[in-house]
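Structure, as structure tokens:
Chain letters run A, B, ... following the sequence lines, proteins first and then strands; every chain starts at 1. Because the structure is predicted, anything quoted here is derived from the model rather than measured.
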Number of protein chains: 2
Amino acid sequence: MVEMTGVLNPRGTWVADRCSIAKALDVVRTRSAFLILREAFYGTTRFADFAERADISEPVAAARLRELVEHGLLELGDYRAPGQRTRREYRLTRKGEELFPVLAALMQWGDRWENDGGRVELRHRDCGEPVEVALRCAAGHELGPSDLELARKPKA
Amino acid sequence: MVEMTGVLNPRGTWVADRCSIAKALDVVRTRSAFLILREAFYGTTRFADFAERADISEPVAAARLRELVEHGLLELGDYRAPGQRTRREYRLTRKGEELFPVLAALMQWGDRWENDGGRVELRHRDCGEPVEVALRCAAGHELGPSDLELARKPKA
DNA sequence: CCGTATCCTGATAGATACTG
DNA sequence: CAGTATCTATCAGGATACGG
């Protein structure tokens, strides 16, 4: 699929042992972590709502939320709505926000292959058009998986 | 983050119970499954290579490969190189191929947040330019996570 | 070369009950 | 409301040894 150009290490094995995909999966490993993040993108901020909407038990929600805060994808702060008492809220950090394309790509794939087209879609708020996850090169070309090659990065 | 427009069901709960993200995660649930798929994209086709390159034990490789074939992301066939004996090979199906944006998005995020920029990059084979995962609407606009709304799909 | 069979450990996760 | 404490079941995954 993806062409490999010069990315074998001296022993002839792959660069896989320092792979960013594996490192990402070390941070977001479990189904419940993905579902918590999904809810965060949908605007959920409170403990009980995470557990209910992601349909996971409270102990699991507590464990995942703690780990996601530790890894810096969520941060926990206090929030007081006017005239209400203070509540705690989990908010996405920049690091967490930037995981959104992963969720969007999973959603797109699930829509197509496991959910009969899906019932819901992402749209551009300004123009109302449906949104897709795409691979695009710096020259602006749209790509499929077989238009790619994997190469060592130039030293920055 | 993502604006919700009319996607609550009558009980006031979220559409999450029929969520395509959850359904996708039911198919590709584990770290080892993602790593097997990564290797498939990198061109690996044989059992022993999957186990070695993804750095997982043979029993785990066997289990994941079987599940991925059952779910239709890989298919198993026979392959004979000229003058060699027949070997078995696992190939990505269309369904498996289309999961590539998920892997690319994980790689991009891991590069940035967990791997010090990464050591390797995806490039467009034709023009050599680096490749990014992007959100794009049907009108051609490039989007960030906060430019989105989630809405019911029109009945097709 | 391509797996399977066993055995074992730790992580994931639900249910339930309880506390600040 | 926001969790924690237990307890239990199931799953992910490694190590080792073995069979087609």
Rounded off to whole Å, could you give me the [atom1]-to-[atom2] distance for the [X] and [N] pair?
X: B:D78; N: C:dG3; atom1: CG; atom2: C1'; result: 14 Å
X: B:R87; N: C:dG3; atom1: CZ; atom2: P; result: 12 Å
X: B:R46; N: C:dC1; atom1: CZ; atom2: C1'; result: 8 Å
X: B:Y79; N: C:dC1; atom1: OH; atom2: P; result: 15 Å

Who pairs with A:D26 by salt bridge (Lys or Arg N to Asp or Glu O under 4.0 Å), at least two apart in sequence or on another chain?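 Here the qualifying residues are A:R29, B:R31.
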Would you classify A:R64 as touching base, sugar-phosphate or nothing, given that sugar-phosphate means primed atoms plus P, OP1 and OP2, and contacts are heavy atoms under 4.0 Å?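 Sugar-phosphate contact only - A:R64 comes under 4.0 Å of backbone atoms but never of a base.
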Would you mind classifying the nucleic acid contact of A:Y90 as base, sugar-phosphate or nothing, using non-hydrogen atoms under 4.0 angstrom?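 Sugar-phosphate: the residue A:Y90, judged by heavy atoms under 4.0 Å, touches backbone atoms but no base.
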Go through B:E132 and A:R136 one step at a time and tell me if the salt bridge (charged side-chain N to carboxylate O under 4.0 Å, His left out) criterion holds. CA-CA 5 Å; B:E132 274 196 359; A:R136 199 181 36 66; 3.8 Å; yes
B:D111-A:S20 side chain donor-acceptor pair, cut-off 3.5 Å: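 Looking only at side-chain atoms, A:S20 and B:D111 do form a donor-acceptor pair, the distance falling under 3.5 Å.
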In residues 53-63 of chain B, which residues come under 4.0 Å of DNA chain C by heavy atom?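 Within residues 53-63 of chain B, the residues near DNA chain C are B:E58, B:P59, B:A62.
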In residues 27-38 of chain A, which residues come under 4.0 Å of DNA chain C by heavy atom?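 Output list: A:R29, A:T30, A:R31, A:S32.
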Please tabulate, for side-chain N and O atoms in residues 94-103 of chain B, each donor-acceptor pair with protein atoms closer than 3.5 Å (sequence neighbours left out).
residue	atom	partner	partner atom	Å
B:R94	NE	B:E98	OE2	2.8
B:R94	NH2	B:E98	OE2	3.0
B:K95	NZ	A:E114	OE2	2.7
B:K95	NZ	B:H71	O	2.8
B:E98	OE1	A:R112	NH1	3.3
B:E98	OE1	A:W113	NE1	2.9
B:E98	OE2	A:R112	NH1	3.2

Taking D:dC18 as the reference, what is the distance to C:dC1 when you measure between their C1' atoms (whole Å, please)?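 It comes out at 15 Å once rounded to the nearest Å.
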Apply salt bridge (charged side-chain N to carboxylate O under 4.0 Å, His left out) to residues B:R125 and A:E3 and explain how you reach the verdict. CA-CA 8 Å; B:R125 194 184 308 148; A:E3 196 103 346; 3.7 Å; yes
Do A:V2 and B:L122 have side chains that approach each other closer than 4.5 Å (heavy atoms only, starting at C-beta)?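 They are in contact (side-chain heavy atoms under 4.5 Å apart), so the answer is yes.
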Checking B:R123 side chain against A:A151 main chain: does a donor-acceptor pair fall under 3.5 Å?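 Side chain of B:R123 to backbone of A:A151: no pair is present.
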Under 3.5 Å, side chain of B:D78 to main-chain N/O of B:T86, donor-acceptor pair present?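 No: the side chain of B:D78 does not pair with the backbone of B:T86.
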For DNA chain D, note the earliest and the latest nucleotide, 5' to 3', having some atom under 4.0 Å of a heavy atom belonging to chain A.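 Counting from the 5' end, contacts occupy D:dC1 to D:dA5.
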Could you tell me how the ring of B:F34 sits relative to the ring of A:F34: parallel (under 30°), tilted (30 to 60°) or perpendicular (over 60°)?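 Because their plane-to-plane angle is under 30°, the rings of B:F34 and A:F34 count as parallel.
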I'd like to know whether CG of A:D49 has more than 12 heavy-atom contacts from other residues, nucleotides or ligands below 6.0 angstrom.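 Atom CG in A:D49 is packed in, count exceeds 12.
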Can you tell me if A:D126 has over 12 outside heavy atoms packed within less than 6.0 Å of its CG?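 Count over threshold, so yes.
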Might you work through the salt bridge (charged side-chain N to carboxylate O under 4.0 Å, His left out) test for B:E89 and B:R87, ending with a clear yes or no? CA-CA 6 Å; B:E89 69 169 9; B:R87 300 174 186 284; over 6 Å; no
Taking only Lys NZ, Arg NE, NH1 and NH2, and the carboxylate oxygens of Asp or Glu, determine whether A:R53 and A:E39 approach each other closer than 4.0 Å.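 The answer is no: the pair does not qualify as a salt bridge.
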Fill in the dot-bracket string of DNA chain C, one character per base: . for unpaired, | for a pair to another strand, ( ) or [ ] for pairs within the strand, taking Watson-Crick or G-U pairs under 3.5 Å. |.||||||||||||||||||
